[in-house]
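First up is the structure itself, then whatever we jot down about it.
The figures that follow rest on heavy atoms only: side chains count, while hydrogens, waters and symmetry mates do not.
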Amino acid sequence: QVQLVESGGGSVQAGSSLRLSCAGSGSPLISSAMGWLRQVPGGAREFVAAIAWSGLATDYGDSVKGRFIVSRDVAKTTVYLQMNSLNSEDTAVYYCVAGGSTSKLKEGTADYWGQGTQVIVSS
């Protein structure tokens, strides 16, 4: 059974940086892409970033390209999201997701989801 537990969310000022972590457990993660989606209340889920099981390929949503960096540890069960130059539009609940390929995560059809961690950016 796969479990994903996010941490690192919080409230920051615009222009700041924040690093999210997602600790995963379960053998399927080793061969799964991992990544992040986000959602604001009443809004649609938005793809943020994903990284392939190998760690060699990444993909980003257009709104975060050049500001966010996704990575995963050597054991391939923990994924990180380094968020730089945050602005108010980055305010959302961030969900750790996993399963299949980075394309699958980008489509929003991940096999596994975390509970989410809140990020609030004030201007």
Side-chain angles (χ1 to χ4, degrees):
Q1 185 175 354
V2 172
Q3 288 190 318
L4 302 172
V5 180
E6 302 97 335
S7 62
S11 296
V12 296
Q13 295 288 319
S16 299
S17 297
L18 203 59
R19 189 192 196 206
L20 304 183
S21 299
C22 172
S25 60
S27 57
L29 288 178
I30 296 175
S31 58
S32 297
M34 297 182 74
W36 299 87
L37 301 182
R38 67 186 182 186
Q39 187 171 23
V40 298
R45 285 178 184 145
E46 178 187 7
F47 171 72
V48 177
I51 184 167
W53 68 270
S54 65
L56 298 179
T58 58
D59 196 3
Y60 295 91
D62 289 340
S63 62
V64 306
K65 281 180 182 176
R67 299 188 298 124
F68 290 12
I69 301 171
V70 63
S71 61
R72 65 193 297 174
D73 69 339
V74 175
K76 303 190 188 304
T77 57
T78 299
V79 64
Y80 306 95
L81 185 68
Q82 177 66 41
M83 305 186 293
N84 302 316
S85 302
L86 286 162
N87 59 60
S88 57
E89 294 183 349
D90 295 317
T91 295
V93 176
Y94 285 71
Y95 295 93
C96 178
V97 293
S101 65
T102 55
S103 298
K104 184 179 176 74
L105 302 188
K106 192 170 187 177
E107 293 168 359
T109 56
D111 295 322
Y112 311 104
W113 293 74
Q115 292 299 306
T117 185
Q118 177 77 57
V119 172
I120 298 173
V121 184
S122 57
S123 56

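- Glu107 CD to Leu37 CG: the interatomic distance, rounded to the nearest 0.5 Å, is 11.5 Å.
- Between Ala98 and Ala110, the shortest heavy-atom contact is O-CB, 3.6 Å.
- For the side-chain hydrogen bond (donor to acceptor under 3.5 Å, both in side chains) test, residues two or more places apart in sequence or in another chain that qualify with Glu46 are Arg38, Ser63.
- Scanning all heavy atoms of the two residues, the minimum distance from Tyr95 to Gly114 falls at CD2-O, 3.6 Å.
- The minimum heavy-atom distance between Cys96 and Val79, with the atom names listed, is SG-CG1, 3.7 Å.
- With hydrogens and angles disregarded, no donor-acceptor distance shorter than 3.5 Å links the side chain of Thr58 to the backbone of Ile51.
- Under the side-chain hydrogen bond (donor to acceptor under 3.5 Å, both in side chains) criterion, Asn84 pairs with Ser17, Gln82, not counting sequence neighbours.
- Across every non-hydrogen atom of Val93 and Gly116, the tightest pair is CG1-CA, 3.9 Å.
- No path of Ile, Leu, Val, Met, Phe, Trp and Tyr side chains, each step under 4.5 Å between heavy atoms, connects Phe47 with Val64, placing them in separate hydrophobic clusters.
- Listed by first then second residue, pairs satisfying side chain to side chain donor-acceptor pair (under 3.5 Å) with a partner in residues 112-123 read Gln13-Ser122, not counting sequence neighbours.
- Formation of a donor-acceptor pair under 3.5 Å by the Lys104 side chain with backbone atoms of Thr109 is found in this model.
- Note that CG of Leu4 and OG1 of Thr78 are 10.0 Å apart. Values are rounded to the nearest 0.5 Å.
- Rounding to the nearest 0.5 Å gives a distance of 12.0 Å between CG of Leu105 and CH2 of Trp36.
- Here the shortest heavy-atom pairing between Arg72 and Ser32 reads NH1-O, 2.9 Å.
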- How far apart are the C-alpha atoms of Ser21 and Tyr80, what are their side-chain angles, what is the distance that settles it, and do they pass the side chain to side chain contact (heavy atoms under 4.5 Å, CB included) test? CA-CA 5 Å; Ser21 299; Tyr80 306 95; 3.4 Å; yes

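- Between Val48 and Phe68, the closest heavy-atom pair is CG1-CD2, 3.7 Å.
- Tracing side-chain contacts under 4.5 Å through hydrophobic residues (I, L, V, M, F, W, Y), one never reaches Trp53 starting from Val70; they form parts of separate clusters.
- For the pair Asp90/Met83, no side-chain contact is recorded, criterion being any heavy-atom separation below 4.5 Å from C-beta on.
- Linking Ile, Leu, Val, Met, Phe, Trp and Tyr residues whenever their side-chain heavy atoms come within less than 4.5 Å places Leu29 and Leu81 in a single cluster.
- Hydrophobic clustering (ILVMFWY, side-chain heavy atoms < 4.5 Å, transitive): Ile69 and Leu20 are in one cluster.
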